[in-house]
Q: 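Starting off with a structure, shown below.
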Amino acid sequence: MAMDMERQNGYSLHDSGIFGEVQIADEVVAIISGLAALEVEGVARMSGNIPNELVSRLGMNNLSKGVKVEVTPESVVIDLALEMKYGYSIPKVSEQVQERVKSAIESMTGLCVERINVRIVGVAVDKPQKSQKSQRSQRTVHVVKK
């Protein structure tokens with residue numbers, strides 16, 4: 001396990017603590033960023049990634065797709081690729097994503113976020129639901145005479 005930690009890209013939080021060293025892998029910062037971005041109303045998915053409702057079923061590893069993280073001892077730079085839901089303001093949602101991701105990273109890791117770049121790669125359009133009227137016309141009623 002110690003060997004795995006040495007091989008991963010990451011940031012050492014405490015160089016010399018009482019009990020040892022604390023390291024944060026870049027993948028952890030990417031997952032936190034992806035989760036925070038998906039919490040914003042108007043974000044459909046991460047870079048062609050799975051829809052919000054499937055996130056919990058498929059696990060955390062998929063949340064790092066669409067997220068690029070550069071961690072230095074001084075700061076963090078995050079690039080996000082998002083697909084927006086149709087009808088939402090791209091500037092407003094992008095700003096909310098930046099604020100939410102910055103807050104999550106800084107509060108959970110203690111790292112200083114220098115920049116969050118948001119790239120909109122698509123717009124998700126929900127398929128229209130069939131109206132109740134058309135659903136009723138498709139029902140078949142069988143009358144049985146006695």
Side-chain angles (χ1 to χ4, degrees), residues 1-140:
M1 178 94 172
M3 199 69 145
D4 291 337
M5 286 296 285
E6 291 175 14
R7 288 186 207 152
Q8 290 180 353
N9 290 333
Y11 171 71
S12 182
L13 192 58
H14 299 288
D15 289 330
S16 59
I18 296 172
F19 300 110
E21 184 174 275
V22 176
Q23 293 184 343
I24 301 172
D26 291 354
E27 180 76 9
V28 171
V29 176
I31 289 171
I32 293 168
S33 300
L35 276 170
L38 286 172
E39 289 176 350
V40 175
E41 182 69 27
V43 176
R45 58 190 60 91
M46 302 294 299
S47 183
N49 198 4
I50 51 179
N52 290 343
E53 60 269 9
L54 296 178
V55 167
S56 61
R57 293 187 211 161
L58 297 178
M60 298 284 200
N61 291 336
N62 292 320
L63 293 177
S64 64
K65 291 182 182 174
V67 181
K68 181 183 171 198
V69 176
E70 293 177 33
V71 180
T72 66
E74 296 83 31
S75 63
V76 179
V77 175
I78 301 165
D79 295 316
L80 300 170
L82 308 174
E83 189 171 319
M84 301 285 297
K85 292 180 182 176
Y86 177 78
Y88 286 86
S89 168
I90 291 175
K92 287 180 183 177
V93 173
S94 297
E95 185 178 341
Q96 289 173 354
V97 166
Q98 289 170 322
E99 290 171 2
R100 178 80 51 103
V101 171
K102 181 181 189 308
S103 174
I105 294 298
E106 289 181 347
S107 68
M108 293 178 75
T109 67
L111 298 170
C112 179
V113 176
E114 178 184 328
R115 192 173 59 231
I116 300 170
N117 301 313
V118 177
R119 184 170 50 107
I120 307 302
V121 297
V123 176
V125 181
D126 291 335
K127 294 180 181 177
Q129 298 285 331
K130 291 183 179 180
S131 68
Q132 289 182 350
K133 193 174 197 178
S134 65
Q135 288 177 351
R136 282 189 215 136
S137 65
Q138 293 176 355
R139 294 181 188 152
T140 304

Q: What closest approach, in Å, do S33 and V67 show between heavy atoms, and which atom pair accounts for it?
A: CB-CG1, 4.0 Å
Q: Can you list the residues that meet the salt bridge (Lys or Arg N to Asp or Glu O under 4.0 Å) rule with E99, with sequence neighbours excluded?
A: none
Q: Please enumerate all residues that pass side-chain hydrogen bond (donor to acceptor under 3.5 Å, both in side chains) together with E70, with sequence neighbours excluded.
A: none
Q: How long is the gap from NZ on K102 to CG on L111, to the nearest 0.5 Å?
A: 11.5 Å
Q: Apply the side-chain contact (heavy atoms from CB on, under 4.5 Å) test between I78 and each candidate in I105, N117, V71; give the one that qualifies.
A: I105
Q: Could you tell me which non-hydrogen atom of E83 sits nearest to which non-hydrogen atom of A124, and how far apart they are?
A: OE2-CB, 3.3 Å
Q: First locate atom CZ of R100, then atom CG of L38, and finally report the distance between them rounded to the nearest 0.5 Å.
A: 10.5 Å
Q: Within the structure provided, determine whether L80 and I116 are in side-chain contact (heavy-atom separation under 4.5 Å).
A: yes
Q: Please determine which of R115, R119, K68 meets the side-chain contact (heavy atoms from CB on, under 4.5 Å) test together with D79.
A: K68
Q: Do you know the tightest heavy-atom contact between V97 and A37?
A: CG1-CB, 3.9 Å
Q: Who are the side chain to side chain contact (heavy atoms under 4.5 Å, CB included) partners of I120, not counting sequence neighbours?
A: L82, M84, I90, S94, V118
Q: Give me the atom names and distance for the closest heavy-atom approach of V125 to Y86.
A: CG2-CB, 4.1 Å
